[in-house]
Amino acid sequence: MAGKKSIPMRVVKEKTGLTARQIRYYDEVGLIFPERTKGNQRLFSEDDINRMKKIKSLLDEGYKIEAIKEVLNHPRPIKGNLSNLRTNLNNRINKGDLSRIYPGSSRNLKEKYKKTKE
DNA sequence: CTTCTGACA
DNA sequence: TGTCAGAA
């Protein structure tokens, strides 16, 4: 029911716009868990594709791998209102979530803000 | 030809 | 992160 498809690396690269390096790295750090073929070739699902796009966005915003790992692996850190829980189950990530975990998570953000004359 | 792992100027 | 080597 969940659509257990198996997309090859070549398609993933085109759909995500990432390089094979990036994709393998995400797998290395444990951001994604693609299936493996007999020849050790990675097989991704559409869900993985969306996740990689998400990871790319977060990385672009300045979040570090460690922070992204936490959020992607903790879909329900909530323990109170069901309303908020529903939002989290929707698979969407908020900056607030990361900020709560890593209040000082600013990498290239400073550079972006100060670089306004070019 | 494409992908995989491991390592590095 | 890119890129090379060697193997599959």
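Throughout, protein chains are lettered first and strands after them, A, B, ... in sequence-line order, and every chain is numbered starting at 1.
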Engineer: Provide the closest heavy-atom pair for A:Lys56 versus A:Tyr26 in the form atom of the first, atom of the second, distance.
Structural biologist: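 Minimum heavy-atom separation between A:Lys56 and A:Tyr26: CA-OH, 4.4 Å.
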
Engineer: Can you tell me if A:Arg42 touches the phosphate of B:dT5, counting only side-chain N or O atoms and a distance under 4.0 Å to OP1 or OP2?
Structural biologist: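 So the side chain of A:Arg42 is within the cut-off, an N or O lying under 4.0 Å from OP1 or OP2 of B:dT5.
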
Engineer: Mind checking whether A:Met52 and A:Leu18 have side chains closer than 4.5 Å, heavy atoms only?
Structural biologist: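 Yes, their side chains come closer than 4.5 Å.
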
Engineer: Any salt bridge linking A:Glu35 with A:Arg42? Criterion: basic side-chain nitrogen under 4.0 Å from a carboxylate oxygen.
Structural biologist: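 Salt bridge between A:Glu35 and A:Arg42, a charged N being under 4.0 Å from a carboxylate O: no.
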
Engineer: Write down the distance between CD (A:Glu14) and C1' (B:dT2), rounded to a whole number of angstrom.
Structural biologist: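 The answer, rounded to whole Å, is 12 Å.
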
Engineer: Distance check needed: B:dT3 P versus A:Leu43 CG, whole Å only.
Structural biologist: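 Answer to the nearest Å: 12 Å.
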
Engineer: Give a yes or no on whether a salt bridge exists between A:Lys5 and A:Asp48, defined as a side-chain N under 4.0 angstrom from a carboxylate O.
Structural biologist: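 Between A:Asp48 and A:Lys5 there is no salt bridge, as every charged N stays at least 4.0 Å from the carboxylate O atoms.
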
Engineer: Please list all pairs meeting salt bridge (Lys or Arg N to Asp or Glu O under 4.0 Å) that have one or both residues in residues 11-20 of chain A, counting only residues at least two apart or in different chains.
Structural biologist: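 Residue pairs with at least one partner in residues 11-20 of chain A: A:Arg10-A:Glu14.
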
Engineer: With a 4.0 Å cutoff (strictly under), does any side-chain N or O of A:Lys13 reach OP1 or OP2 of B:dT2?
Structural biologist: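 No, no such contact exists.
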
Engineer: Looking at OH of A:Tyr63 and CD1 of A:Ile55, how far apart are the two atoms once the value is rounded to the nearest 0.5 Å?
Structural biologist: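 Reported to 0.5 Å precision, the distance equals 14.5 Å.
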
Engineer: Kindly compute the distance separating OG (A:Ser6) from CZ (A:Arg36), expressed to the nearest 0.5 Å.
Structural biologist: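 Answer for the OG-CZ pair, A:Ser6 versus A:Arg36, is 13.0 Å.
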
Engineer: Separation of A:Met9 atom CE from B:dC1 atom P, in whole Å?
Structural biologist: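 Nearest whole value for this atom pair: 18 Å.
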
Engineer: What stems involve DNA chain B, if each pair must be Watson-Crick or G-U and both of its distances must be under 3.5 Å, with 3 or more such pairs in a row?
Structural biologist: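 Counting only runs of 3 or more consecutive pairs, the stems involving DNA chain B are B:2-8 with C:2-8.
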
Engineer: Testing the basics here: between A:Pro34 and A:Asp27, what is the closest heavy-atom pair and its distance to 0.1 Å?
Structural biologist: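 Scanning both residues completely, I find the closest heavy atoms to be CD-OD1, 3.5 Å.
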
Engineer: Taking only the side-chain nitrogens and oxygens of A:Thr19, find out if one of them lies under 4.0 Å from OP1 or OP2 of C:dG2.
Structural biologist: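 Result: yes.
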
Engineer: Separation of A:Gln41 atom CD from B:dT2 atom P, in whole Å?
Structural biologist: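 Answer to the nearest Å: 12 Å.
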
Engineer: Going by heavy atoms closer than 4.0 Å, what residues in residues 20-34 of chain A are next to DNA chain C?
Structural biologist: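 Correct list: A:Arg21, A:Gln22.
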
